[in-house]
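Positions are given from 1 along the sequence. Ligands are counted one by one from 1 in listed order, and the atoms in each one are counted from 1 as well.
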Amino acid sequence: MSFDYAPFFRDDLPPAAKPWGGFPKYNFVGGNNDADSVPVTALLAALGTAMARDGQQLANYGMESGAQGYLPLRNYIATMLEDRAGMATDPGNILITTGSLQGLDLVNGAMLLPGDTVIVEEVSYGGTLSRLRRCGVGYEAVKVDQGGMCMTHLASVLADLAAKGITSKFIYTIPTVQNPSGTVMSVERRQTMLDLARQYGVPIFEDDCYADLLWEGDRPASIRSMDRGGDHGGQVIYCGTFSKSIAPALRVGYVVADWPVLSRLVPLKTDGGSGALEQMALAEYCPGQFDNHVNELRAVLKTKAEAMSDALEEQFGAAAEFTRPGGGIFIWITLPNVVDTDRLAQIAGAQGVAINPGSEWSADPDSGRHRLRLCFGQASPDNIREGVARLAEICHSEFGVPLRGANVER
Ligand SMILES: Cc1ncc(COP(=O)(O)O)c(C=O)c1O
């Protein structure tokens, strides 16, 4: 009998993990990427070059760049954000983090106390919603339509909170390829959000995780880039990541904020610095190759998005409502009300088809009960087609939706 730790653990821990049992046959969950697109050879060469030059800096925590991360990488991020997001950035205002998830944790850690209020999109990143819950924070959900967060609703939520004497700690938004809705917020809405944030004195937390993966239309200027002029500036905290544009296992993300904010985040990053090798490889690889790489990756993801959209139309017909993605790695789908996607996820998961139920991606879990999110980043087009057909079969046999499952005479 091994020692019983149960009485020693905090009683508010999340459910215990299960040992990893490998990927399911059809893996449509999480934010994994296309394996063949990882630029392995070029990253290896870049790491060799950077190590030959700066390898001895590994003797120091933070190398010779201090607690904010490897300076050549911060210099590249600053240039890249100016070119790609219209955001003039001082490398001194960048903090490299272990994935943007650490960025979320640092901002939450610096700003949130139990009982605080945060404004979120009504459907939002599950990792953010679960974090806010664990912080004991209440969130106000703002409607999302085809253009992202609705500004008339945001205005009324801010006014209602103000009437109650509550100031939201921040407005958390994923404006470009929103997770999970896939929507892209227009520049006009971004400006309105900024105007409202200024009017009510609320910071904006802009999570731009997927902005590099847009293949339909131009990438809009980031909200942070618009936060300049007059007496204004510094009201937007921005976070980004190389997880979606290069590879999630690298665990390299970044927060961009003015020094009054960044100087409060740095002391909370108590891990001795993010891993040096991945920062060195990226700093060497990205300046000459990031743009081409991302263009190629987008083309691969677009093909997969089309394969999944076609398969959904073919297998589910009118039963599955969704918008064909203009970027990103996932599709947000609404099924008829009879389908409980929590149950569907359980049953399909047991049969090798992993899906994210909509409840995990909804501020009000009940409202997501007949929705689901499917990720097409990792699976091949053939695997996507087979997996969606299998999902339709399972859904049909459990819920009678679609009316006829795959392989049944139409
Ligand atoms: C909106 C959003 N923010 C942050 C993250 C975390 O990404 P990272 O791998 O950079 O920690 C994800 C991951 O899927 C995400 O979807």
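Nearest heavy-atom pair, Ala42 versus Gln289, reported as atom, atom and distance to 0.1 Å: CB-OE1, 3.5 Å.
A donor-acceptor distance shorter than 3.5 angstrom exists from the side chain of Asp340 to the backbone of Arg343, with no hydrogens or angles considered. With hydrogens and angles disregarded, no donor-acceptor distance shorter than 3.5 Å links the side chain of Thr128 to the backbone of Ser124.
The Ile174 neighbourhood of ligand 1 comprises atoms 1 (C), with distances under 4.0 Å to a heavy atom of that residue. Within ligand 1, counting atoms from 1 as listed, the ones closer than 4.0 Å to a heavy atom of Gly99 are 10 (O), 11 (O). Within ligand 1, counting atoms from 1 as listed, the ones closer than 4.0 Å to a heavy atom of Thr241 are 8 (P), 10 (O). Distances below 4.0 Å separate heavy atoms of Ser100 from the following atoms of ligand 1: 4 (C), 5 (C), 6 (C), 7 (O), 8 (P), 10 (O), 11 (O). Remark: ligand 1 atoms within the under-4.0 Å shell around heavy atoms of Lys244 are 13 (C), 14 (O). Less than 4.0 angstrom separates some heavy atom of Arg251 from each of these atoms of ligand 1: 8 (P), 9 (O), 11 (O). Against a heavy-atom cut-off of under 4.0 Å, Ser243 is close to the following atoms of ligand 1: 8 (P), 9 (O), 10 (O). The Asp207 neighbourhood of ligand 1 comprises atoms 1 (C), 2 (C), 3 (N), 4 (C), with distances under 4.0 Å to a heavy atom of that residue.
A salt bridge does not link Arg390 with Glu386: every distance from a Lys NZ or Arg NE/NH1/NH2 to an Asp or Glu carboxylate oxygen is 4.0 Å or more. By the 4.0 Å N-to-carboxylate-O rule, Asp258 lies close enough to Arg228 to be salt-bridged with it. Of the charged side-chain nitrogens involved, none lies within less than 4.0 Å of a carboxylate oxygen, so that Arg74 and Asp90 do not count as a salt-bridged pair.
Annotation: Cys209 places no N or O atom under 3.5 Å from an N or O atom of ligand 1; distance criterion only. In terms of polar-atom proximity, defined here as any N/O pair under 3.5 Å, Thr98 makes no such contact with ligand 1.
Checked by atom type, the side-chain pair Tyr172/Asp207 shows a donor-acceptor distance below 3.5 Å. For the residue pair Arg198 and Gln235, no side-chain donor N or O sits within less than 3.5 Å of a side-chain acceptor on the partner.
In this structure, Gly31 falls outside the shell of residues with a heavy atom less than 4.0 angstrom from ligand 1. Tyr210 counts as a contact of ligand 1, since one of its heavy atoms falls under 4.0 Å from the ligand.
Taking the ring centre of Phe330 as origin, the terminal cationic atom of Arg373 falls inside the region bounded by 6.0 Å and 45° from the ring axis.
Residue, atom and distance of the protein heavy atom nearest to atom 12 (C) of ligand 1 are Tyr125 CZ, 3.4 Å.
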